[in-house]
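Reminder, nothing fancy here: chain letters follow the sequence lines and each chain counts from 1.
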Amino acid sequence: DAMVIQNPRYQVTQFGKPVTLSCSQTLNHNVMYWYQQKSSQAPKLLFHYYDKDFNNEADTPDNFQSRRPNTSFCFLDIRSPGLGDAAMYLCATSRAMANEQFFGPGTRLTVL
Amino acid sequence: DQQVKQNSPSLSVQEGRISILNCDYTNSMFDYFLWYKKYPAEGPTFLISISSIKDKNEDGRFTVFLNKSAKHLSLHIVPSQPGDSAVYFCAAFTGGGNKLTFGTGTQLKVEL
């Protein structure tokens, strides 16, 4: 089945220790997104890639970076995680200009 | 500034009855609306959508109504089933863009 896969599902890191979250897709979609969702809050878009073009949201902290080495994979790098970065991180994909986004299961990040 | 609002964090209904989930928005540029359903430990999955040129869209037990003048949409589930118990997110698009703006979600519990 075509899908969006996120690894790991649960990640524990220490305050200030860099961490990388991974997303892959078998849907061959042009667009890949990273969302942050904190408890009882709406998922918040951090950035997205339209093919190789990176689009950062204005309020995304510099601490968050992303890489998309190819169509299938996209990474979220948190350079120096703070306690406030503990959240669920959701990856999603869509076809270009399509309204529907397909989500992965998310990675739950804990910062100690 | 929360542009998509779901003011009821939770809703409980009996099996077989109608579930009505509400969503309000403030941005008049939104022209496409979606409902996502999320089970614990899974990513959101697309449920149903509606374009701003319509006022109703139906898919099986799920119907979405849009009242543009009131900037309000609702999701009706009839009849409700225990498997419908999940968090429901309302989301909105601005035409031509890739950005989904989510509400904070409503936890639906369908009781036997």
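Both A/F47 and A/L21 are assigned to one and the same hydrophobic cluster, defined by single-linkage of ILVMFWY side chains at heavy-atom distances under 4.5 Å. Hydrophobic clustering (ILVMFWY, side-chain heavy atoms < 4.5 Å, transitive): B/V4 and B/L66 are in one cluster. A/V19 and A/F15 fall within the same hydrophobic cluster, where Ile, Leu, Val, Met, Phe, Trp and Tyr residues are linked whenever their side-chain heavy atoms come under 4.5 Å apart, directly or through other members. In this structure, A/L76 is not a member of the same hydrophobic cluster as A/Y33, with clusters built from ILVMFWY side-chain heavy atoms closer than 4.5 Å. Both A/F54 and A/F64 sit in one connected hydrophobic cluster of ILVMFWY residues. Membership requires side-chain heavy atoms under 4.5 Å apart, directly or through other members.
Between A/A42 and B/G103 the shortest heavy-atom distance is CB-O, 3.0 Å. Annotation for A/N99 and B/L34: closest pair O-CD2, 3.6 Å, computed over non-hydrogen atoms.
A distance of 6.0 Å or more separates the ring centres of A/F103 and B/F46.
Taking 4.5 Å as the limit, every side-chain heavy atom of B/K99 sits out of range of all side-chain heavy atoms of A/H48. Contact of the A/Q41 side chain with the B/Q2 side chain is not registered, since no non-hydrogen atoms from C-beta on lie closer than 4.5 Å. Side chains of A/L90 and B/P44 form a contact here, defined as non-hydrogen atoms less than 4.5 Å apart. By the 4.5 Å heavy-atom criterion applied to side chains, B/F89 and A/Q37 are counted as neighbours.
Between the side chain of B/Y36 and the main chain of A/Q101, a donor-acceptor pair closer than 3.5 Å is present. Side-chain atoms of A/R108 do not come within 3.5 Å of backbone N or O of B/A41 as any donor-acceptor pair.
In this structure, chain B has no heavy atom under 4.5 Å from any part of A/Q6. There is no contact between B/Q6 and chain A, counting heavy-atom distances below 4.5 Å. Interface remark: B/L100 contributes backbone and side-chain atoms alike to the contact with chain A (heavy atom separation under 4.5 Å).
By the neighbour-count criterion of 12 heavy atoms within 6.0 Å, atom CZ of B/R61 is densely surrounded, having more than that number from other residues, nucleotides or ligands. Around the CG atom of A/D59, the shell of radius 6.0 Å holds more than 12 heavy atoms that belong to other residues, nucleotides or ligands. The neighbour count for A/K44 NZ, taken as heavy atoms of other residues, nucleotides or ligands under 6.0 Å away, is above 12. Around the CZ atom of A/R9, the shell of radius 6.0 Å holds more than 12 heavy atoms that belong to other residues, nucleotides or ligands.
A/E100 contributes atom CD, which lies 11.5 Å from atom CD1 of B/I48 (distance to the nearest 0.5 angstrom).
In terms of non-hydrogen atom pairs under 4.5 Å with chain B, the most contact-rich of A/G106, A/P43, A/G104, A/A92 is A/P43.
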